[in-house]
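Note sheet for the following structure.
Labels below follow one simple rule: chain letters A, B, ... track the order of the sequence lines, proteins then strands, and each chain is numbered from 1.
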Amino acid sequence: MSALPNFRLAEGGLIDRSRPLRFTFEGRSYQGFEGDSLASALLANGVRLFGRSFKYHRPRGLLAAGAEEPNALVQLGDGARSTPNMRATEVALYDGLVARPVNCWPSSRFDIGAVNDVFSRFLSAGFYYKTFMWPDWHLYERFIRKAAGLGRAASAPDPDRYETRFGHCDILVVGSGPAGLAAARAAAAGGARVILAEQDEALGGSLIGTSSTIDGLDAAAWALEVERQLADLPEVQLLRRTTVAGYHDHNGLTLVEQLAGEDRCIRDPAAVRYRLWQIRATRVILATGAIERPLVFPGNDRPGVMLAGAAKYFLDRHAVLAGDRLLLFTNNDHAFLTAFALADAGVSVAAVVDVRRTVASDLAAALVQRDIPLFNGAAVVATRGRRALKAARVRDRDGKLQWIKADLLAMSGGYNPNLHLFSQSGGALAFDEGMAAFLPASAAQAVTCIGIAAGAQTLADALSQGYDAGSRAARYSGYASATKAPRAGAERSPSAIEPCWQVDAPGKAFVDFQNDVAVSDIAQAKRESFRSVEHLKRYTTLGMAPDQGKTSNVNALAIMAALTGRGIEETGTTRFRFPYAPIALGAFAGRHHGDLFRPLRRMPAHDRHVALGATLEDYGGWLRPSYYARNGETPHAAEQREALAVRNAAGIFEGSPLGKIEVKGPDAGKFLDLVYANTISTLKVGKVRYGLMLSEQGVVIDDGVTARLGDDHFLVSTTSTGAERIADWMEEWLQCEWQHLDVVVAPVTTAWGVLTVTGPDARAIVEKVGTDIDIGAETFRHMSFAAGHVGGIPARMMRVSFTGEASFEISVPARQTARLWDRFMEVGASYDLTPVGIDAWMILRTEKGYLHIGVDTDGTTTARDVGWGHVLKKGNEFIGKRSMMRAHDSRNDRLEFVGFAVASGQPPLPIGAHIAGTSGSQGYVSSTGHSPILGQAVALGMLRGGRARKGEIVTFEVEGKRRTATVCDPAFFDPSGDRLNG
Amino acid sequence: MADGEWSLAGEGVSVRRFAPQEIRVLRVRGLDATRTAHLARVLGLAAGDLGSNRASGETPRVAWLAPGEWMVTGDGISGEELAELFDGHTWHLADVGDGRVAYAIEGPSARDLLSKGSSLDFHPRSFAIDSCAQTLFAQTRVLVERGAGEANFRLYADTSVGEHLQSWFSDALIEFG
Amino acid sequence: MLQIDCPWCGPRDEIEFRYGGESHVLRPEPSEAIGDERWGDYLYGRINPRGVHFERWVHQAGCRRWFNVARNTVTHELLAVYHMGDAKPGGEGRIA
């Protein structure tokens, strides 16, 4: 346990003193309590130095108490769970927590990068763009990358669970301060579906730690009462510890709900770390409060300089005193509450420094009562202390300077309504001179801002705005609003703020603490003509990255406005971006990883392949056998054996993913003539025709076979990858272009399982399994179709072939596929019927020179390139026809589909091997392999003007070596096609 | 092939695979109101039951898929009857039962479970009893319908993604301990 | 993510839809009568307005029906949803 002083009060706050928690920060062990944040627990232990700044590695402490904290970024946890850039203010403390600061090495107290601060004049705005350009950025990049960046990503897979959820509601209320609670209650009273999102554990926002009353109750008690009422309503969902990170189109919002802490995730593998919500709300009410502005003065980044509201927050919520001796520096009334509260809690208050010459008499009297000196019309112009604040230099209204000892400087430059989400939604902001802040001007979506976010100055205003917005939203969704508006007790009305965008004094005064942007950087940007706020942002990095300018944006543009002599309104703001606060990547991924990354489809006889020891791989989203290796066989040996079995006996192949689309109607033939490059309508019933489908650019997009089932009824069989794509393609043309065609398209792909039996023994095997279809060589010829039974199972049978052997492609109701497979394997045993995987299937079709769309062809391959120029003679129209008539399409130097014969004894050419020509590639290999039946390598590919070059010897470049091959017809095996009829 | 018994249960929700007797998809082109009413009568339904996003009846149960397109589960229509009814229209009846897998998702937390996989709003105010919708669920295209009772959903998917959905369900149910 | 009002299924998330580009592009036929320029324009000539765009969408994960949407490309506001084959609502350019 450390011997540091204890800054914790004996009572008060929302912590549970009966539940002490031990934790480690930067290797030291500390104790905090349940209800602490990492920030409050460290503060209670006297820790002031939380890390080093991003660019200059200056020592930094806590600036804020919530999501806007720019300095206290920690690396949380170890190993696979290690999470970078967590804001210490948002990390709920748990027993065993381990954290360390980011941006410092070897430690925050002794940091080598601090040398950057000494050389800071070389690291000013735009230094990336200027300094490291000569002779080459890449020389510097390695060092800069190491020095820059915030935190480190874990290198092991994240073991935690993340969930995602979709949500819907009539009204989403963001924020549960007085306005948010009033709005949620009014919105929900009539039964509307309401979601209330609060980033803290406790509801109440600014009501916690105030002395105001509402409806006669103490404000905090009122908040609890409203919470109880909301919890009783079945259509209300309270999301605590939930940050609304994004406001997107059409009232879609992204929320991140923090569930189990790291400690629970370690103990319980089922625990959920974060849940990412995607919510669609009819109306959104933003009660997002305000973020206090820092004052910009030299030395304002020293640990111990903190926002006034943060100092009060740590006292109210965690009973922690942020220092022993406080100096308050303000330009507004509200910050006085911090001096009063801390003084009343026992902190010695050195002084209050107010830039205003006139301070309200009641506030002045309250200071006198507490014996606190007041400097009006004054400013803090410097601070000192090596790793923590020791004193601040005050310039009084007469210009006299004096050092005042303090270890806590609470500052308040006013309040920026928190309009990040409103801005994300497309809403426009306008600058209000009286309040010295941007307020919501016009909404682009169904959204209302209320409370301090909308500029409410008093509790009464916040409550009535909340009630009105909630009631209106309920009525909009058709629900009554039954409750009474809440009433605030008497409160003082604050006197005016005096804008103070920057204290005029020499020294480095920071504007953006996270990105280390000082006033001097803004001045430099202006000198170099980066004056638009969008340019300023990119050039100086101000307001970028996780911080999104929460504490810096308005100060920066006010300073730029002053430098350029423009108004603040005219200078304008940048648009705030998603996300409001950083989100763990795991939350986006949710459960979409591992097996659930994306759906993999299984074929009807999947279990049979598994039982045979098949190696299954992803083919277009389907898990399919690549090969069935038998004891100790290499993949190549299995492929060769399977392919050879098809040539010498028979193979069985599951082709269930082949697309099956029924096209029916009086115009079915006419329609198919339009979508296929060749003519389909002349097909006879019971016959099958091969067809090529083109895009309107004339590019080959699919091939397949079509069977005519009846006069107006066709069955289109597409490639496996084309199954859904081609059904959609047909619908698109029928619905968008040819609505007059009387056709229905019915995709039935997965209702049928497909087994193909192929090889010289195929007919004998099918006969032996038993069929009522006459499959005689003369009666059921190649390219025939018939329906009947196979093995007693209702079946559709096609004589089509992708192997060049006589093939029987048999479709049965999908659930019967495995049964039929078993029948074939039983009967086929005496024929050496061999299960065939995709690898052997590809060898077989390559030997035959059969085109494989998407493998041999790409997005530039036209029908003519694959030898289908003849379709242009077809009289009627078809998709892609006009493009084939372009002059470019009939050039004689296009890439054309050919075979490449390799001398026997040579290994196969690799896929993608190019033929070097004098002006770039002459062509390339698209399919390749070793043909076991021919005993030599075969290859298919594309070659410029290839069809006219048969017999020519071409040279491939293969990994620096040269290989030759002879251009040939694609059909290497059985070029006459006799075996098809076997 | 997703066949046989398969079920899972968590706190407030259960998922059970079931096998409907028969699933057919009926497509008819250019059906007018009179013929639609006639079709409804043949199916034992009121004309309004065939409208958008509605699932009606028990045997057969008819779920709307698209204009002129319905999924019919269970017996109750014959091709001959339809041929007579649709005389002069182009129509198609596909037996897709072997290509579908069906799950019953029940219990007070059923809606929460579904909302992990689909952006559809399953609240009874938006998705009342006898509503149906084709949507994306766990990255797959499904038909969801709501049966009688507050928390009684049926989900029909392509049989090829049955294993995926079952892995998805078993992982998703961890949250419902 | 947009929420698109499918004319048949009602409002659904954009993820259920597929975009089909500019609508009301008519296919010139027959091929023999169409010059290169006209064909090139049909294939590739598309407007890219700042403001109202009349475009096609298909409810891919739902009813698989194509329909037209008038969308403001600046605000993403969907101004109208109408059937394929219907004329542009309000005539060209009248929706602002």
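Residue contact with chain A, scored on non-hydrogen atoms closer than 4.5 Å, is absent for B:Ile23. Using a 4.5 Å cut-off between heavy atoms, A:Arg193 touches chain B through backbone and side chain atoms alike. Both the backbone and the side chain of B:Ala172 have a heavy atom closer than 4.5 Å to some heavy atom of chain A. Contact annotation for A:Gln739: only backbone heavy atoms (N, CA, C, O) come within less than 4.5 Å of a heavy atom of chain B. When heavy atoms are compared at a cutoff of 4.5 Å, A:Trp622 approaches chain B solely by way of its side chain, counted from C-beta outward. If you measure heavy-atom distances from A:Asp268 to chain B, you find no contacts under 4.5 Å at all. Only the side chain of A:Val748 has a heavy atom closer than 4.5 Å to any heavy atom of chain B. Contact of B:Ser118 with chain A is made through the backbone alone, with heavy-atom distances under 4.5 Å. The parts of B:Asp112 that come within reach of chain A are both its backbone and its side chain, each placing non-hydrogen atoms under 4.5 angstrom from that chain.
Counting heavy-atom pairs under 4.5 Å between each of A:Val744, A:Thr164, A:Asp742 and chain B puts A:Asp742 at the top. The most heavy-atom pairs under 4.5 Å with chain A, out of B:Val25, B:Leu120, B:Asp95, come from B:Leu120. Annotation: maximal heavy-atom pairing with chain A below 4.5 Å, among B:Asp121, B:Val96, B:Ile174, occurs at B:Asp121. Among A:Leu623, A:Val745, A:Val272, A:Thr749, the residue with the largest count of heavy-atom pairs under 4.5 Å with chain B is A:Val745. In terms of heavy-atom pairs under 4.5 Å with chain B, the best-connected choice from A:Gln278, A:Gln816, A:Arg598 is A:Arg598. Top candidate by heavy-atom pairs under 4.5 Å with chain B, chosen from A:Gly665, A:Pro813, A:Gly167, A:Gly621, is A:Pro813.
Two residues are said to be in side-chain contact when any heavy atoms from C-beta on lie closer than 4.5 Å; B:Ser167 and A:Leu596 meet this criterion. Two residues are said to be in side-chain contact when any heavy atoms from C-beta on lie closer than 4.5 Å; A:Arg601 and B:Asp158 meet this criterion. Within the 4.5 Å cutoff, the side chain of A:His713 has heavy atoms near those of the B:His92 side chain. Between B:His164 and A:Leu600, the closest side-chain pair of non-hydrogen atoms is not below 4.5 Å.
With B:Arg29 contributing its side chain and A:Leu741 its backbone, the two residues share a donor-acceptor pair below 3.5 Å. Between the side chain of B:Asp98 and the main chain of A:Ala814, a donor-acceptor pair closer than 3.5 Å is present. Judged by distance alone, the side chain of A:His592 and the main-chain N or O of B:Gln139 form no donor-acceptor pair under 3.5 Å. Between the B:Lys116 side chain and the A:Glu163 main chain, no donor and acceptor come within less than 3.5 Å of each other.
In this structure, A:Phe166 places its CZ atom where more than 12 heavy-atom neighbours from other residues, nucleotides or ligands lie under 6.0 Å away. Surrounding CD of B:Glu11 are at most 12 heavy atoms belonging to other residues, nucleotides or ligands under 6.0 Å away. Environment of CD in A:Glu257: crowded, with over 12 heavy atoms of neighbouring residues, nucleotides or ligands closer than 6.0 Å. For B:Phe18, the CZ atom is densely surrounded, since the number of other residues' heavy atoms within 6.0 Å is greater than 12. Annotation for A:Asp595: atom CG does not count as buried by contact number, only 12 or fewer foreign heavy atoms lying within 6.0 Å. The local environment of CG in B:Asp32 is crowded, with over 12 non-hydrogen atoms from other residues, nucleotides or ligands closer than 6.0 Å.
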Discussion item. If you apply the rule side chain to side chain contact (heavy atoms under 4.5 Å, CB included), what do you find for B:Phe122 with A:His168, and how did you get there?
Written reply: CA-CA 9 Å; B:Phe122 296 103; A:His168 304 263; over 6 Å; no

Practice prompt. Using the side chain to side chain donor-acceptor pair (under 3.5 Å) rule, take A:Glu235 and B:His123 through it: C-alpha gap first, then chi angles, then the decisive distance, then the call.
Written response: CA-CA 10 Å; A:Glu235 298 301 345; B:His123 191 281; 2.9 Å; yes

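Here the shortest heavy-atom pairing between A:Ala746 and B:Arg27 reads CB-NH1, 3.4 Å. Among all heavy-atom pairs drawn from A:Lys664 and B:Trp91, the shortest one is NZ-O, 2.5 Å. B:Thr90 and A:Pro666 make their closest contact through OG1-CD, 3.1 Å (heavy atoms, listed as atom of the first residue, atom of the second, distance). Here the shortest heavy-atom pairing between B:Ala138 and A:Pro599 reads O-CG, 4.1 Å. When all heavy atoms of B:Val101 and A:Arg815 are compared, the pair lying nearest together is CA-NH2, 4.5 Å.
Look at A:Arg165 and B:Glu175 and you find a salt bridge, because one of the NZ, NE, NH1 or NH2 atoms lies within 4.0 Å of a carboxylate O, short of that distance. For the pair A:Arg161 and B:Asp171, the salt-bridge criterion is met [side-chain N within less than 4.0 Å of a carboxylate O].
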